[in-house]
Amino acid sequence: MRILLVEDEPSVAAFLHQGLSEQGYTVDLAADGLLGLTRAQATRYDCLILDQLLPGLGGLEVCRQVRAHDAGVPILILTALGETDDKIRGLDAGADDYLVKPFAFEELLARLRALVRRRTEAPAPAAPLHLADLTLDPAAKRVTRAGQAVQLTAREFALLEYLLRHQNRVVGRADLLEHVWDLSFDTGSNVVDVYINFLRKKIDKGFDTKLIHTLVGMGYMMKTED
């Protein structure tokens with residue numbers, strides 16, 4: 001498996017390069033964002049590891065531009081910025097996972113395996129999902145409510161799709177963290193609540209029938225109101 005590592009701290013880059021190489025990965029290095037973007041656009045990689053704070057071009061902008069021409073390559077962001085808002089910005093930029101420094105190398109390996117496994121597993125074509133006047137088309141990546149298009153980020157779409165696939169059932173925060181965020185966050189994180197609020201504003205605001213419900217102390221449920 002070929003990995004592009006974009007990291008400007010020489011000691012961190014050398015450590016990761018050696019460790020990943022010893023695990024059998026082929027690792028290309030870039031010490032700044034511009035070089036990283038150039039290499040990502042010129043070569044097909046199995047995974048990208050991007051530091052968030054890079055000279056030349058920031059890691060999030062590299063992520064956005066890579067996503068513009070390759071929607072499928074797994075991207076893992078490394079950063080010293082561990083606040084929930086920082087994580088949300090990284091995920092909204094198109095990252096698949098987010099690892100806060102300092103981290104255990106074994107955890108990085110586990111994250112890489114999970115990301116690559118998700119890419120290589122080919123899911124069967126999924127039929128559109130419906131609840132009341134809400135429709136989500138997984139193949140077209142399109143959401144409508146009452147016939148009007150709803151614009152969602154990739155993470156919001158994934159969250160809504162998971163909730164719809166489990167409609168009329170309680171879905172806990174830990175379950176959402178595992179299946180929508182790939183175990184990227186600890187169970188004490190409020191990122192689920194933040195994204196649920198994003199969805200409510202886009203899905204339920206302005207409609208008499210609310211579809212996203214909170215069950216205090218238990219989780220969330222997609223259903224029509226009784």
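For reference, positions follow the sequence shown, starting with 1.
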For a 4.5 angstrom cut-off between non-hydrogen side-chain atoms, does [X] reach [Y]?
{"X": "Asp175", "Y": "Val180", "value": "no"}
{"X": "Leu215", "Y": "Met221", "value": "yes"}
{"X": "Arg145", "Y": "Leu211", "value": "yes"}
{"X": "Gln52", "Y": "Leu60", "value": "yes"}
{"X": "Leu108", "Y": "Leu16", "value": "yes"}
{"X": "Leu48", "Y": "Val6", "value": "no"}
{"X": "Tyr45", "Y": "Asp28", "value": "yes"}
{"X": "Glu61", "Y": "Leu37", "value": "no"}

Would you find a donor on one side and an acceptor on the other, under 3.5 Å apart, between the side chain of [X] and the backbone of [Y]?
{"X": "Asn190", "Y": "Asp193", "result": "no"}
{"X": "Glu7", "Y": "Glu9", "result": "yes"}
{"X": "Asp70", "Y": "Val73", "result": "yes"}
{"X": "Thr144", "Y": "Gly147", "result": "no"}
{"X": "Arg173", "Y": "Tyr220", "result": "no"}
{"X": "Asp204", "Y": "Ile212", "result": "yes"}
{"X": "Gln167", "Y": "His130", "result": "yes"}
{"X": "Glu161", "Y": "Ala158", "result": "no"}
{"X": "Gln18", "Y": "Phe15", "result": "no"}

Can you list everything that forms a salt bridge (Lys or Arg N to Asp or Glu O under 4.0 Å) with [X]? Sequence neighbours excluded, please.
{"X": "Arg89", "value": "Asp86"}
{"X": "Arg113", "value": "none"}
{"X": "Arg67", "value": "Asp96"}
{"X": "Lys141", "value": "none"}

**Request:** Please lay out, stage by stage, how Leu4 and Thr43 fare under the test side chain to side chain contact (heavy atoms under 4.5 Å, CB included).
**Result:** CA-CA 9 Å; Leu4 175 63; Thr43 304; over 6 Å; no
**Asked** Is Asp92 salt-bridged to Arg155, cutoff N-O under 4.0 Å?
**Response** no
**Item:** Test: Asp46 and Arg2 ion pair at under 4.0 Å
**Value:** no
**Prompt:** Hey, which of Leu131, Leu152, Leu129 is the one that makes side chain to side chain contact (heavy atoms under 4.5 Å, CB included) with Leu160?
**Reply:** Leu152
**Asked** Transitive ILVMFWY cluster of Phe207 at side-chain heavy atoms under 4.5 Å: who else is in it?
**Response** none
**Asked** Does a sphere of radius 6.0 Å around CE in Met218 hold more than 12 heavy atoms from other residues, nucleotides or ligands, not counting ones at 6.0 Å or beyond?
**Response** no
Check [X] against [Y] and note the closest heavy-atom contact, atom names and distance.
{"X": "Ala40", "Y": "Val66", "answer": "CB-CG2, 3.8 Å"}
{"X": "Cys63", "Y": "Ala95", "answer": "SG-N, 3.4 Å"}
{"X": "Val27", "Y": "Ser21", "answer": "CG2-OG, 4.2 Å"}
{"X": "Val62", "Y": "Gly33", "answer": "CG2-O, 3.5 Å"}
{"X": "Arg169", "Y": "Arg165", "answer": "NH2-O, 3.3 Å"}
{"X": "Pro128", "Y": "Pro138", "answer": "CA-CD, 3.9 Å"}

**Prompt:** Under the side chain to side chain contact (heavy atoms under 4.5 Å, CB included) criterion, do Leu164 and Leu134 qualify, and how do the steps go?
**Reply:** CA-CA 10 Å; Leu164 280 173; Leu134 176 69; 4.1 Å; yes
**Asked** Going only through I, L, V, M, F, W and Y residues with side-chain contacts under 4.5 Å, is there a path from Val170 to Met222?
**Response** no
**Asked** Are Leu199 and Val194 connected in the hydrophobic side-chain network, where two residues link if heavy atoms are under 4.5 Å apart?
**Response** yes
How long is the span from the [atom1] atom in [X] to the [atom2] atom in [Y], to the nearest 0.5 Å?
{"X": "Leu50", "Y": "Leu5", "atom1": "CG", "atom2": "CG", "result": "9.0 Å"}
{"X": "Arg111", "Y": "Leu78", "atom1": "CZ", "atom2": "CG", "result": "10.0 Å"}
{"X": "Ile75", "Y": "Leu115", "atom1": "CD1", "atom2": "CG", "result": "10.0 Å"}
{"X": "Thr38", "Y": "Gln65", "atom1": "OG1", "atom2": "CD", "result": "9.5 Å"}

**Prompt:** Which pairs count as side-chain hydrogen bond (donor to acceptor under 3.5 Å, both in side chains) when at least one residue sits in residues 206-215, sequence neighbours excluded?
**Reply:** Arg200-Thr214
**Message:** Parallel, tilted or perpendicular, judged at 30° and 60°: which one describes the rings of Phe198 and Tyr195?
**Reply:** perpendicular
**Request:** Mind running side chain to side chain contact (heavy atoms under 4.5 Å, CB included) on Met1 and Ile3 for me, showing each step along the way?
**Result:** CA-CA 7 Å; Met1 190 171 79; Ile3 295 173; 3.9 Å; yes
**Request:** With side chain to side chain contact (heavy atoms under 4.5 Å, CB included) as the test, would you mind laying out the steps for Leu76 and Leu99 before giving the verdict?
**Result:** CA-CA 7 Å; Leu76 172 64; Leu99 192 56; 4.2 Å; yes
